[in-house]
Amino acid sequence: MKAAVLHKPGELVVEEVPQPTPGPNEVILKVEACGLCGTDLKLFEGHYTANCPVIIGHEMGGRIVEIGEEVKGLTVGDKVVVDPNESCGACDWCRSGYPTYCEDLAAYGVLRDGGFAEYCKVGAKGTYLMPEKLSVKAATFTEPVSCAVHAIDQAAPQLGQTAVIIGGGSMGQILLQLLRRAGAARVILLSRSQWKLDLGLQRGATDVINAQDQDPVAAVMDMTNGQGADLVIEAVGSIPTVEQGVGMLKKHGKLVIFGFSPEGAEARIVPFDILRRELTIIASWVNPYTFPRALQVLLTEQVEVESLISEELPLDNISEALQHMAEKPDGFMKALINP
Ligand SMILES: [Zn+2]
Ligand SMILES: [Zn+2]
């Protein structure tokens, strides 16, 4: 079968690999669509470590074509989505309610072969039936939405609060819709792209700041009578935006680190400032037990995602999609790969 294999950072090759066969508790998925996400770019650039050589891609949906002999509740022909972060269920972390800290996490598309391939082998326990009403396109967003649901849980917005989302990419656009749903009165979107800011306004952002021509911290202070924001979600994954996030918080405010900053990169914080303003700095790491809720969020259209897909490409053109992801030309939000 054809698959996109990351041999090492910077070297992604679409090549022929053996077709997988299922173990007793596994299924084989014929991948219909798999979203390309910022994480894939970070793996490609070497800012986040993959278990190379590995088939990348973790936002996949498709149809089951083969099942292992011990699989229950799934059959050949079922339309499914896959939680790429499959935990073991048996280690201390899993048994303590923290599956994403699992000692034996099977992160498809990072540590194990993922969805940028014609077929993908996945564990049955992380495989979810796709609701009939949901399109495959929308269903490929289950993983990103499940991560956003966890971020909203971590942010725990209260009715009437003012929130800032740093980053107008597809995650920022999803987060802003969910923050409004979850009760934030004001959601300020911050991006360097006017095009993304305009899109955010259509999706419910109450205010926007173009970070290209304004100082983000000063602009947020200006918009909030010098007080700052109750909540900031950093959805870029860069050091300057993390530092800005702390700077624009209101006293007693909370920063949620959601973007993947380069591994090992350090930010400057001032402990006395955090103490004096009683700030909370919290993180949101992937999607612990949020997959079922993400499916409901998509099914009931609490979030609109399909218009975030700006291009659909065959597997052979995956490098083109990665390049768009890196250059972020106006009009590009997210690519869907159709293996
Ligand atoms: Zn992703
Ligand atoms: Zn575990």
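Order of appearance sets the numbers: ligands from 1, and atoms from 1 within every ligand. We number each residue from 1, following the sequence as shown. Here the structure is a predicted model, which is why all the values come from computation and not from measurement.
Transitive grouping of hydrophobic side chains (ILVMFWY, heavy atoms separated by less than 4.5 Å) keeps Ile281 and Ile152 in distinct clusters.
Ion pairing of Arg268 with Glu243 is absent here, as no side-chain N (NZ or NE/NH1/NH2) approaches a carboxylate O to less than 4.0 Å.
For the pair Val81 and Gly61, the tightest heavy-atom approach, listed with the atom from each and the gap, is CG1-CA, 4.3 Å. The minimum heavy-atom distance linking Lys121 with Thr21 is given by the pair CD-O, 3.2 Å.
Ring pair Trp93/Tyr101 is perpendicular by interplanar angle, where above 60° counts as perpendicular and below 30° as parallel.
In summary, Cys147 places no N/O/S atom under 2.8 Å from the Zn ion (ligand 1), failing the contact criterion. Distance check for Asp40 against the Zn ion (ligand 1): none of its N/O/S atoms falls below 2.8 Å.
Take the Zn ion (ligand 1) as the corner point: the lines to SG of Cys37 and to OE2 of Glu59 open at 100°, to the nearest 10 degrees. With the Zn ion (ligand 2) as vertex, Cys88 SG and Cys91 SG subtend 110°, rounded to 10°. Angle subtended at the Zn ion (ligand 2) by Cys102 SG and Cys94 SG: 100°, rounded to 10 degrees.
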